[in-house]
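The structure under discussion appears below in the form of structure tokens.
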Amino acid sequence: MRFLKMLHFKTVPEDYVKKTAQCAQVALSCSRAAHQAALRGVVKPTPQLATLTPKVRAFVERSVALCEPEHVHVCDGSEAEASALLQLMQQQGTLRQLPKYENCWLARTDPADVARVESRTFICSEKERDVVPVARAGQKSALGNYIAPLDYDKAVAERFPGCMRGRTMYVIPFSMGPVGSPLSKIGVEVTDSPYVVYSMRTMTRMGASVVDALRKDEHFVRCLHAVGRPAGAATPGWPCDPPRTIILHRPADNEIISYGSGYGGNSLLGKKCFALRLGSVLARREGWLAEHMLIVGITDPKGRKRYIAAAFPSACGKTNLAMMTPSLPGYKVECVGDDIAWMKFDDKGVLRAINPENGFFGVAPGTSEATNPIAMASVFRNTVFTNVAETADGGVWWEGMGDAPQALIDWKGQPWDPSKKTPAAHPNSRFCTPADQCPIIDGDWESAEGVPISAILLGGRRPAGVPLVVEARDWNHGVFMGATMRSEATAAAEHAGKVVMHDPFAMRPFFGYNFGEYVRHWLAMPRAGRQLPKVFHVNWFRKDQQGKFLWPGFGDNARVLDWVLRRCDGEPCHQDTPLGLLPAPGALNTEGLGPLNMEELFSIPRDFWMQEADCIEKYFTEEVGEDLPQEMWEELSKLRNNIQQS
Ligand code: GTP
Ligand code: SPV
Ligand code: MN
């Protein structure tokens, strides 16, 4: 246990815990004065805690008092620390080494802890309307789960006291965005999961450099995470507490509290919880945009480079587009980010984007040499795979990678029987890989000022009715396209597959505040002197009568990007339609694609769109009501008129 000694030190004295428990059990954000009174003369600063700023220290001490861990470890982000964590996780049975690759690891979660749990994810505020549009006052909303402050405190008090007994509490100072960028923000996650620490080291900038940055600016988002477990239960390889899982956000206090799940967006709190839910609130307050978008650089055959951002719902193709190998000669794609964009207009009126993350937490199934060779070239070093299948030679496999090798162990750790038709890898199995390993990572991906955005793409999985690409006529029309996005459900959350759900801006599970206000914020972006990006809606997923995709997708999506960029250059390669601007006949480069049913790919079925308009109206009325900006009703009536006249 030598490495354990290296990592940990005994926590604060016991009487401190007792004296502060009363205060800490209420919530983490109780008044400073109360804490100071509780703490007076009790805490002896330990060497590690002493490196932290007073505010961080106070947060850690309150968390210790609440969760009662046996040890506290402040993460420095070093290689030695990472190796010690790997050793510890092997010992605890959380990770297995994958000897086929370099420093790659396999985690198998509890089968009940495999995806984000949207039904147990809440936003807290004094007023329900801060979170839920008025049409759903007092009811369940599809656009945000509200929790009242008292219930929030109660949820914490019911779960957290003593929940880390016998465990180590890790303190992770992390930066979303390059350390020191004016667009970046800092968080501190306290967790009892070494898997979370190791993953946060990949997904964020973490450790000593952030502790230093905090000395210059002591603002940070407080993130508390515990895997939880039923009292008295033995600690299995993947501790969690699915029946009591809860993910809480209190934007007014810059606070995130998550209990019971160790996986993905439930536990890597920098990602969806901070960068999107709290991020969207900060963005609104400070006049920028926090979005569920990839960022990609495209160089055309003339050597001109442009960047686009694209919002697709979970498991709808962001990572694939961000790492695309273009099938059109002369085009080059470079990756800035694959999941989240923080964007702000600079003082020259250019929309600038940073990727707040430092790694890819990508969907494994469907990733192959044919679909995403760049991801395949990125993930077989320094990667943690979760819930994929294991091969006999210590490698990994998932559905869509190619032919299944013999003697696979499935994601539950059992020999896989292909005749049973259950997948070998979980549909939401993922790789967690450092971004700088991507062979096409953009030279400016860590630029402090961000990259300039020329176009914004919106899209989803629409098996029917929705054309391959449509350009918005103007900004408000683009906002309407975002507000009315729908997509087939995927495995990234707990929804049943195949239902077409509303997912405005691909943000439905990630809004930190009232959706009506979010739309208003987007509508307020146009200002004198600002260069607004063009907005497009794309759909790679339209199917024919036989259920086959009409569009080859993946690298051939470059053909759509080519048209998008030509439109950004003002080329008149478009035609006006009831939905917006579509490629003019022959304008989309389909050279070398073989037979394509272009008519069906671009058709705008009248009955379908009449129904879609009704469906949008119902959604706006039932889910948003008075809070929806008038401009959206105007866009809906334009759509309806256009369709009626078509
Ligand atoms: P999250 O990480 O959950 O946010 O997902 P994502 O949006 O990054 O989706 P990703 O790129 O991982 O793709 C999810 C699934 O969609 C994979 O199975 C892909 O193979 C598939 N996919 C991606 N792009 C295309 C495409 O152009 N056409 C088709 N048919 N499938 C695609
Ligand atoms: C998503 O669901 O959009 C993801 C995966 O990127 S998770 O990090 O779990 O949110
Ligand atoms: Mn995502």
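In listed order, ligands and their atoms are each counted from 1.
Among the atoms of K318, no N, O or S atom falls under 2.8 Å of the Mn ion (ligand 3).
Using a 4.0 Å cut-off between heavy atoms, L321 makes no contact with ligand 1 at all. Residue contacts with ligand 1 for F541 involve side-chain atoms from C-beta outward but no N, CA, C or O (heavy atoms, distance under 4.0 Å).
Assignment of T371 to the shell around ligand 1 is not supported, since no heavy atom sits closer than 4.0 Å. In this structure, P313 has a heavy atom closer than 4.0 Å to ligand 1. Using 4.0 Å as the threshold, P365 has a heavy atom nearer than that to some atom of ligand 1.
Counting the atoms of ligand 2 from 1 in the order shown, those under 4.0 Å from a heavy atom of F361 are 8 (O), 9 (O). The atoms of ligand 2 that sit less than 4.0 Å from any heavy atom of K271 are 6 (O), 8 (O). Here is the list of ligand 1 atoms found below 4.0 Å of a heavy atom in R461: 15 (C), 16 (O), 21 (C). Listed by atom number, the atoms of ligand 1 under 4.0 Å from D339 heavy atoms are 4 (O). Of all the atoms in ligand 2, the ones that sit under 4.0 Å from a non-hydrogen atom of D339 are 6 (O). For ligand 1 and R430, the ligand atoms under 4.0 Å from any heavy atom of the residue are 1 (P), 2 (O), 3 (O). Residue G265 has at least one heavy-atom neighbour below 4.0 Å for each of these atoms of ligand 2: 7 (S), 8 (O), 9 (O), 10 (O). The ligand atoms of ligand 1 that sit less than 4.0 angstrom from a heavy atom of H292 are 4 (O). Close approach of ligand 1 to G366 (heavy-atom distance below 4.0 Å) involves ligand atoms 18 (O), 20 (O). Less than 4.0 angstrom separates some heavy atom of G264 from each of these atoms of ligand 2: 9 (O). Below 4.0 Å from some heavy atom of S314 lie the following atoms of ligand 2, by number and element: 1 (C), 2 (O), 3 (O).
If you take CG on L561 and CH2 on W563, they are separated by 11.5 Å, rounding to the nearest 0.5 Å.
Checking N358 against T204 by side-chain atom types alone, no donor-acceptor pair falls below 3.5 Å. If you check the side chains of N428 and R430, you find a donor sitting under 3.5 Å from an acceptor. T383 and T433 share a donor-acceptor pair across their side chains, judged by distance under 3.5 Å alone. Side-chain atoms of R244 and Y259 form a donor-acceptor pair, as typed in the model, at a separation below 3.5 Å. With 3.5 Å as the limit, one finds a donor-acceptor pair spanning the side chains of Y195 and T386.
Taking the centre of each ring, Y146 and Y152 stay at or above the 6.0 Å mark. For an aromatic pair to be called close, the ring centres must be under 6.0 Å apart, and W522 with F505 satisfies this.
When F431, Y263, F385 are each tested for a ring-ring contact (aromatic ring centres under 6.0 Å, His included) with F361, only one passes: Y263.
Of the N or O atoms in T367, none lie within a sub-3.5 Å distance of an N or O in ligand 1. Taking only nitrogen or oxygen atoms, main chain and side chain alike, C316 reaches within less than 3.5 Å of ligand 1. Below 3.5 Å of separation, one finds an N or O of G317 facing an N or O of ligand 1.
With distances taken over non-hydrogen atoms, the option nearest atom 12 (O) of ligand 1 out of N539, V363, I340, V560 is V363. The heavy atom nearest to atom 13 (O) of ligand 1, considering only T319, L294, L550, N320, is found in N320. The option with the heavy atom closest to atom 6 (O) of ligand 2, from among M203, H292, K272, is K272. Nearest-heavy-atom check against atom 22 (N) of ligand 1 across F431, F554, F312, W540 picks out F554.
For D339, the N, O or S atom with the smallest separation from the Mn ion (ligand 3) is OD1.
Put simply, the angle at the Mn ion (ligand 3) from NZ in K272 to NE2 in H292 is close to 80°, to the nearest 10°.
Within the cation-pi definition used here (under 6.0 Å to the ring centroid, within 45° of the axis), R461 qualifies as a partner of F541. With a 6.0 Å cutoff to the six-membered ring centre and a 45° limit on the axis angle, K318 does not count as a cation-pi contact of F312.
By the 30° and 60° cut-offs, the orientation of the rings of H292 relative to F510 is perpendicular.
A salt bridge does not link R542 to E600: none of the charged side-chain nitrogens sits closer than 4.0 Å to a carboxylate oxygen. Comment: R108 engages E390 in a salt bridge, judged by a side-chain N to carboxylate O separation of less than 4.0 angstrom.
No more than 12 heavy atoms of other residues, nucleotides or ligands lie within 6.0 Å of NZ in K332, so this atom counts as exposed by the packing criterion.
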